[in-house]
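Not measured: the values here are computed from a predicted model.
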There are 2 protein chains.
Amino acid sequence: MLRATNAVKSKLVNQWVVFEAIRIHGPLPRIAISETTGLSKQATSDLVDELLALGFVREEKSGERRVGKPPKPVAIHPDGAYTIGFHVDFGRAAAVVMNLGGEVRHREARPLSSVDAGRVAQDLAGQVPALLEQAGIDTSRFLGIGLATPGPFGVPSMSPPRLPGWDGLILRQALREATGLPVALANDGQCAVTAEWRFGTAARKLRHFVYLYLGNGLGSGIMTNGSAFGGANGNAGELGHTIAVPGGHSCICGKHGCLETYVSVDSLTRYLGECGVEMHDMHRIENELSASHPLVTAWLSEATEPLRSGINTLENLFDPQTIMFGGDAPAWLIEALIERVEPLYDSISLTNRQLPRLMRADLGADAVARGAATLPVLAMLDPQYRHLGDSDGELVGG
Amino acid sequence: MLRATNAVKSKLVNQWVVFEAIRIHGPLPRIAISETTGLSKQATSDLVDELLALGFVREEKSGERRVGKPPKPVAIHPDGAYTIGFHVDFGRAAAVVMNLGGEVRHREARPLSSVDAGRVAQDLAGQVPALLEQAGIDTSRFLGIGLATPGPFGVPSMSPPRLPGWDGLILRQALREATGLPVALANDGQCAVTAEWRFGTAARKLRHFVYLYLGNGLGSGIMTNGSAFGGANGNAGELGHTIAVPGGHSCICGKHGCLETYVSVDSLTRYLGECGVEMHDMHRIENELSASHPLVTAWLSEATEPLRSGINTLENLFDPQTIMFGGDAPAWLIEALIERVEPLYDSISLTNRQLPRLMRADLGADAVARGAATLPVLAMLDPQYRHLGDSDGELVGG
DNA sequence: TTAATAAGTCATCTTGACGGATTAATTATT
DNA sequence: AATAATTAATCCGTCAAGATGACTTATTAA
């Protein structure tokens, strides 16, 4: 249902608008914030004062010397808040302790032997105190946990690659119970797009873009009007299970020719295995192979066309400003795909362009964990994400 | 950029919330409006008074007699406002004069000989006085014109089927100049989804659904959180140009195997033509053929699989509550496709279902024109669409 | 008649944005 | 050195809108 508003809710919106203006446009004096937000000088000043009191922003030294009273630039206070972001995928759980400025204060990755949600939750929960300790942060400024894991959520018949029976909803619930802390959940594509949107240099100023996430599987995240598009159940963007090659490779979802069976690290691993090269660890692939390895080249030539088609689908359906391509797959693999997938097919994206249609994502391998770590901040400040903080915990965009 | 808010804007939001509560939940007394919106009794009462003064709602006779002061149910005043909706496609321009209740007070369709935007605009503009006259409405309550035409807009290299060089943006501008009236523009899929959302019995209460629009081409409209998703340039949902059959039929867009070359009236027409049956008029197809005609059956068997794949793509990317299938193609064609496309492929839509995954759209052939006619109302009242009323005129969702 | 009940309105309060005047801090000018 | 000019930020009063609780009104039940 539509929601009515009032002065108090308006203020929360405006507080977020001010916060974002400061975050996006760097240190700004109040007068400049007022101009970019359209709020009056006074309203701006009051909201800045409150953000200062909350410790989320701070005044910096005025740089330039000009006529007139010197401005007091206000910037995000990087250490005004901390969050933990977990990125859980097959065999591996990465964790970051991130501050409000998006800087990773501590990172850790450990192998996961179990695919049982309860056990994984216990494991992650056990890490939390040590993570906070090792990051050396002021724990009174700790906001909560964000969790990223492959989707879809709540669809028992479809599991992420190599994670049969896996469901992020169950893991979130278990992690909540094990830690007693709020846990916000989103899938890896949504977390990646969120991280890119907040911390990437190009994506920061975009309102509509798609993140193509290459990992064990292939997912996507859709950023639209400043929030990750989730659809009815938070599962939107499941590009990997769109059909790229009718009658093609069989997929765990029961269909044939899903894009993920052609374009994913899992697909490459299987291809290598069929050729007698067993390489189940993504890091071994990253370090021991390259795009010029004959088997990889062969796989790439089979992957290129389905990927080109998938990108065309994303463009025609979402009409994004650009598509950012990234993921925790080896960087050389992503770059080889970007190189080969050009020239792209014609699509509705052939209009009004200010950016390339396909761009390399700015952020590296921990994009997803950083995106997850962003969720508690959004749950606290962004009115569009406020529902994430509800006790029963909705999903992003759900 | 994010937009700050204030008391005045809040009020507009709340006015819309009240209006929608009345529209969706039928005649409601103020107290019930207050309960469904969450606004106080007083705020509700004030907003209802203003809507009454604007003539958009009216008080009805209280029905039930119970203890206590009898409620005065408030309902949409169907004749509180009027709009014109034009649906322009190859060879044909349909027009409706619609009232605020969504009732069509007058409809008209005429063949279009030209595909020149300036001429078409002159033609449409010339119709306006006669349309208003023949509808017999109070012209002081006329709000403006909504225009639907196939997309994409602003992409010279991609034209709608059989409309080379066509661009809705140019038509809108010409129609504005010819009439001096505000003209709101959206593509046919977006207009269809808008009409279904407002006037369909099932879709009225949905927040996320997709409309699959079968006409000369194949488009889709994505309703999300109460507005048609448009992406960066208002062109989102161009399902017809996603690749369904790699290396398949060649498409006017330069690619091969676009879904539209398999699933569209244009595709059927071409198929018939190749078999020696020339039938360029959709009405002749509708009246002279049926799903049991051998050539149609053959076409259907070729169309089913690409459609099944396209539906899977929509489900996996948008995670809708349901997909409504409709359009101005012959009803028997739509129904034959619905019948044949089942069983659908597995997708993320296999969760949490309250509705069938694929439904026949409620509205008939004039859905698009009615959706177009809705745009001026949205531009006036819905804060999410307010930009449609701007002088430079953005697109839906743009 | 009177009590009970429910819908709707009135008066008052609170919140928050806005606008103009004022103050503060600095450079430029005389 | 004094003063003017300039710019940033704040003070203070005003205004719009929603919330709140008491009050009024219209009706049925006893």
Peer 1: Output the residues of residues 45-57 of chain A in contact with DNA chain D, where contact means a heavy atom of the residue under 4.0 Å from an atom of the strand; sort by number or write none.
Peer 2: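 Per residue number, the list reads Ser45(A).
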
Peer 1: Who passes side-chain hydrogen bond (donor to acceptor under 3.5 Å, both in side chains) against Arg204(B), sequence neighbours left out?
Peer 2: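 With neighbours one apart ignored, the set is empty.
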
Peer 1: What is the distance, rounded to the nearest whole Å, between atom CG of Asn14(A) and atom C1' of dT15(C)?
Peer 2: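 These atoms are roughly 13 Å apart.
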
Peer 1: List for me each residue that meets ring pair (Phe, Tyr, Trp, His ring centres under 6.0 Å) alongside Phe19(A), sequence neighbours excluded, and say none if there are none.
Peer 2: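 Per chain and number, Phe19(A) pairs via ring pair (Phe, Tyr, Trp, His ring centres under 6.0 Å) with Trp16(A).
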
Peer 1: Would you find a donor on one side and an acceptor on the other, under 3.5 Å apart, between the side chain of Thr194(B) and the backbone of Gln190(B)?
Peer 2: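 Here the side-chain-to-backbone pair exists.
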
Peer 1: Just jot down the side-chain contact (heavy atoms from CB on, under 4.5 Å) partners of Ser10(B), sequence neighbours excluded, or say none.
Peer 2: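 For Ser10(B) the side-chain contact (heavy atoms from CB on, under 4.5 Å) partners, ignoring immediate neighbours, are Thr5(A), Ser10(A), Thr5(B).
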
Peer 1: Write out a two-atom table: protein N or O, nucleotide N or O from nucleotides 19-21 of chain D, distance below 3.5 Å.
Peer 2:
| from | atom 1 | to | atom 2 | distance (Å) |
| --- | --- | --- | --- | --- |
| dA19(D) | OP2 | Ser40(B) | N | 3.0 |
| dA19(D) | OP2 | Ser40(B) | OG | 3.3 |

Peer 1: Calculate the interatomic distance between Ile31(A) atom CD1 and dA25(C) atom C1'; express it in whole Å.
Peer 2: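 From Ile31(A) CD1 to dA25(C) C1': 15 Å.
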
Peer 1: How long is the line joining CZ of Arg30(A) and P of dA24(C), in whole Å?
Peer 2: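 To the nearest whole Å, that distance equals 16 Å.
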
Peer 1: Quick one: list whatever passes side-chain contact (heavy atoms from CB on, under 4.5 Å) with Leu12(A), sequence neighbours left out.
Peer 2: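 Leu12(A) satisfies side-chain contact (heavy atoms from CB on, under 4.5 Å) with Gln15(A), Arg386(A) only.
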
Peer 1: Taking the side chain of Ala7(B) as its heavy atoms from C-beta onward, which of dT9(C), dT10(D), dA17(D) lies nearest to it?
Peer 2: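 Looking only at side-chain atoms, Ala7(B) lies closest to dA17(D).
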
Peer 1: Distance check needed: dA16(D) P versus Leu12(B) CG, whole Å only.
Peer 2: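 Computing the Leu12(B):CG to dA16(D):P distance gives 14 Å.
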
Peer 1: How many whole angstroms separate atom CD of Glu59(A) from atom P of dA25(C)?
Peer 2: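 Answer to the nearest Å: 13 Å.
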
Peer 1: Taking only residues two or more places apart in sequence or in another chain, which ones pass side-chain hydrogen bond (donor to acceptor under 3.5 Å, both in side chains) with Thr179(B)?
Peer 2: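 Testing Thr179(B) for side-chain hydrogen bond (donor to acceptor under 3.5 Å, both in side chains), a comparison that skips the adjacent residues, returns none.
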
Peer 1: Do Arg370(B) and Glu103(B) meet the salt-bridge criterion of a basic N to acidic O distance under 4.0 Å?
Peer 2: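 So Glu103(B) does not pair with Arg370(B) through a salt bridge.
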
Peer 1: Would you mind listing every salt bridge (Lys or Arg N to Asp or Glu O under 4.0 Å) that reaches into residues 5-17 of chain B, with sequence neighbours excluded?
Peer 2: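 Checked against salt bridge (Lys or Arg N to Asp or Glu O under 4.0 Å) - neighbours excluded - the pairs reaching residues 5-17 of chain B are Lys11(B)-Glu50(B).
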
Peer 1: Can you name the residues that form a side-chain hydrogen bond (donor to acceptor under 3.5 Å, both in side chains) with Asp79(B), not counting sequence neighbours?
Peer 2: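 For Asp79(B), the residues satisfying side-chain hydrogen bond (donor to acceptor under 3.5 Å, both in side chains) (neighbours in sequence not counted) are Tyr82(B), Asn99(B), Arg105(B).
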
Peer 1: Enumerate all atom pairs, one protein N or O and one N or O from nucleotides 27-29 of chain D, separated by less than 3.5 Å.
Peer 2:
| from | atom 1 | to | atom 2 | distance (Å) |
| --- | --- | --- | --- | --- |
| dT27(D) | O2 | Gly68(B) | N | 3.1 |

Peer 1: Of the nucleotides dA9(D), dG16(C), dG18(D), which one has an atom closest to the side chain of Lys11(A)?
Peer 2: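 Of dA9(D), dG16(C), dG18(D), dG16(C) is nearest to the side chain of Lys11(A).
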
Peer 1: In chain order, what residues pass the side-chain hydrogen bond (donor to acceptor under 3.5 Å, both in side chains) check against Thr374(A), with sequence neighbours excluded?
Peer 2: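 In terms of side-chain hydrogen bond (donor to acceptor under 3.5 Å, both in side chains), with neighbours along the sequence ignored, Thr374(A) is linked to no residue.
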
Peer 1: Can you name the residues that form a side-chain contact (heavy atoms from CB on, under 4.5 Å) with Glu35(A), not counting sequence neighbours?
Peer 2: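 Result, side-chain contact (heavy atoms from CB on, under 4.5 Å) vs Glu35(A): Ile31(A).
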
Peer 1: Round to a whole Å and report the spacing from NZ of Lys72(B) to P of dA6(C).
Peer 2: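 Distance, rounded to whole Å: 18 Å.
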
